[in-house]
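Written below as structure tokens is the structure these notes are about.
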There are 2 protein chains.
Amino acid sequence: MVTIQDVAKAAGVSPMTVSHVINDHPHVKSETRERVLRAIDELDYRVNVAARNLRTGRTGTIGLAVPEIDRPYYGQLAAEIIKVAAGHHLRVAIEQTGASREGELAALALSRNRLYDGLILSTVGLGPADTDLLRVDHPVVILGERIFDGPVDHVAMPNSEGARAATRHLVERGCRRVALIDGPQRGEVDVSSLRYDGYREALDEAGLPFDPRLVAPIEQLTMEQGAAAARRLAGSGGGFDGVFCVTDTVAIGALRGLADSGLRVPHDVKVIGFDNIAEGAYSVPSLSSIDPDHALMAGTAVGFLVKRMAEKGRARQAPREFVSPFSLVARESTGG
Amino acid sequence: MVTIQDVAKAAGVSPMTVSHVINDHPHVKSETRERVLRAIDELDYRVNVAARNLRTGRTGTIGLAVPEIDRPYYGQLAAEIIKVAAGHHLRVAIEQTGASREGELAALALSRNRLYDGLILSTVGLGPADTDLLRVDHPVVILGERIFDGPVDHVAMPNSEGARAATRHLVERGCRRVALIDGPQRGEVDVSSLRYDGYREALDEAGLPFDPRLVAPIEQLTMEQGAAAARRLAGSGGGFDGVFCVTDTVAIGALRGLADSGLRVPHDVKVIGFDNIAEGAYSVPSLSSIDPDHALMAGTAVGFLVKRMAEKGRARQAPREFVSPFSLVARESTGG
DNA sequence: TTGTAGGCGTTATCAT
DNA sequence: ATGATAACGCCTACAA
């Protein structure tokens, strides 16, 4: 293996000078720099990142823990975060938590191994009871739900507000029997609970009665379960003319399930999702949704993290919280 | 920061003994082990991965370079690879190459920085001309296309065979004017060229004439361009009753474009894609596709890489190639 | 502008 | 079964 020493010898300088050249330090005579660069090129020298990490105490990599990278929402989020992180000269390693509390705790533990300079954790399973576990002395940013006033920075979605807007949109389009396909509620502040709240509020505002038969709960936020839930709703005979789905992925499944049941969207039933994933613009019919501005969320999350990583010692700022704004995207599935 | 030294002191042993305990070496008296573990727990000690990497020369992380992680195909591939890699106690860091030759070369350079123990590179832009650039002395596995007899291991898709089967399927379902939405052809052996070949072969086999007006080329394999290409085909007046799309993502866009053009699938036009991404099962109509067995490909790629990583010095095996088998999944879009 | 010394935290090797 | 020693390759601090 070629080391800095070898390069130094070949270039007739000290190892330090080579280091200076590598790290673009200003005080190197350009002639010396040339000589060193030539030696680097000839020997095909590569810095040993492990050695640099050990010496500097940083790795240049941040972790991104998401439930499952193959869900469109997280893929699109990851793409954004990787792009933004690259602008800060940071690499991104992806961990899959499997949408479980255990997986999320495992991701936290990894960053404590100092494998990453910081961690962006997209939580689903952690709740207020886990506040203490987040009290780690490594930079962590929570992304996704508005969990609670935890000890760490937090980039949140406008869950209940967005859900309320989505449900109201259905009502404005003439729906009077609005169903909900909702995810697992594991606490008071997870994504499903918050969006459920927004749904309920919108019904109240519109003066529409809440009918429990119009709520179809699912265990996982997948297309498969979205389709199954839609078929259940269609088969239950409850009669409904609109559905708010807890996520777009679920909604795309629901579109499929409604088609299976012979219901036409938007003619018989109007459908709206949440997240505005790219696929929603291309489904048939195209999917109305709540757009929480992913790019802004990704940029803010990385920004928070970078700021934390720059903090020296105990000069800690108080935890920050950012709630993304949102907009409603009306497409064919609500008759738009 | 708590180091092995601190633990050693607290437990009244030498640092080496702590190391032995951490690494599960056999010759440690269980009483000693207990004492050390207790000290580790009390001090909340975490191994310093950078130091370990420097000492062992390995990082425990492999790189996965894909064009864009937010394309469903690559998201699903990444999820598989992360799962398999975890079984080998390997983490996966994801690089996005932007589907460009430069991006792919950059990913190669990173692994040469010894950031990763190995690299799985999903190529789109590299071609036969780049053979020399792949001649690196770090474990690399090429994944995706059947590029060429390069100097590295290669897990390939059955591109032309699959494309032939897809096109044949359309013919068998009664199509006589089969269109192709094809991606950018940048050489003789990229994914678009190979699938184009399969399309042509199937037409020949069926005794159908090749009509260049039925080929709609696109620059990027996105839903957007798939939709645009379908609209172009519909507007050109060439008359077609089937479309083979170079990927499922493109096909889902095409379904949208056909709907925009007032063409019904499968009644007026039948559609088939390639990749069998999860979304295809839930589109309306559901999408027929070629399924190349992602899990097998992912498992094989990681297997190849792990084997390479275990090779000592110059005892190199010859490059291996694996071409995944495939199956055809007939769904609604071809009248299934 | 360039060089010297020292150590980051861990583990391989070789003793005992 | 446990430990002493010596690196791994780099960079911070200081010196020249």
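Letters A, B, ... are given to chains in the order of the sequence lines, protein chains preceding strands, and every chain is numbered from 1.
The phosphate of C/dT11 has OP1 or OP2 within less than 4.0 Å of a side-chain N or O from B/Arg52. Regarding contacts with the backbone of D/dC11, a side-chain N or O of A/Ser19 is found under 4.0 angstrom from either OP1 or OP2. For the OP1/OP2 pair of C/dG3 and a distance below 4.0 Å, the side-chain nitrogens and oxygens of A/Ser14 include at least one atom meeting the criterion. The shortest distance between the side-chain N/O atoms of A/Thr17 and the OP1/OP2 oxygens of C/dG3 is below 4.0 Å.
Side-chain contact annotation: B/Tyr116 with B/Glu95, donor-acceptor N/O pair under 3.5 Å present. For the residue pair B/Thr59 and B/Asp117, a side-chain donor N or O sits within less than 3.5 Å of a side-chain acceptor on the partner.
C/dT11 atom C1' lies 15 Å from atom CG of B/Asp24, rounded to whole Å. The nearest whole Å value for the distance from the CZ atom in A/Arg33 to the P atom in C/dT2 is 9 Å. What separates NE2 of B/His20 from C1' of C/dT11 is a distance of 8 Å, to the nearest Å. Counting to the nearest Å, the P atom of D/dA13 and the NE2 atom of A/His25 are 11 Å from each other. The interatomic distance linking A/Tyr45 (OH) with D/dG9 (P) rounds to 10 Å, in whole Å. To the nearest angstrom, P of C/dT11 lies 18 Å from NE2 of B/His27. Between the CD1 atom of B/Ile22 and the C1' atom of C/dA12 there is a distance of 15 Å, rounded to whole Å. Rounded to whole Å, atom C1' of C/dT10 lies 14 Å from atom CG of A/Asn48.
Formation of a donor-acceptor pair under 3.5 Å by the A/Gln96 side chain with backbone atoms of A/Val66 is not found in this model.
Judged by distance alone, with hydrogens and angles left aside, B/Arg55 brings a side-chain donor or acceptor within reach of the base of D/dA7, the pair sitting under 3.5 Å.
Using a 4.0 Å cut-off between a side-chain N of Lys or Arg and a carboxylate O of Asp or Glu, A/Arg71 and A/Glu68 qualify as a salt bridge. The pair A/Arg308-A/Glu311 counts as a salt bridge, with a side-chain nitrogen and a carboxylate oxygen less than 4.0 angstrom apart.
Nearest-nucleotide positions on DNA chain D place B/Val28 closer to the 5' end than the other of B/Ala51 and B/Val28.
Residue contacts shown for B/Leu54 include a base, since a base heavy atom lies under 4.0 Å away. If you check every strand for non-hydrogen atoms under 4.0 Å, B/Asn53 touches nothing.
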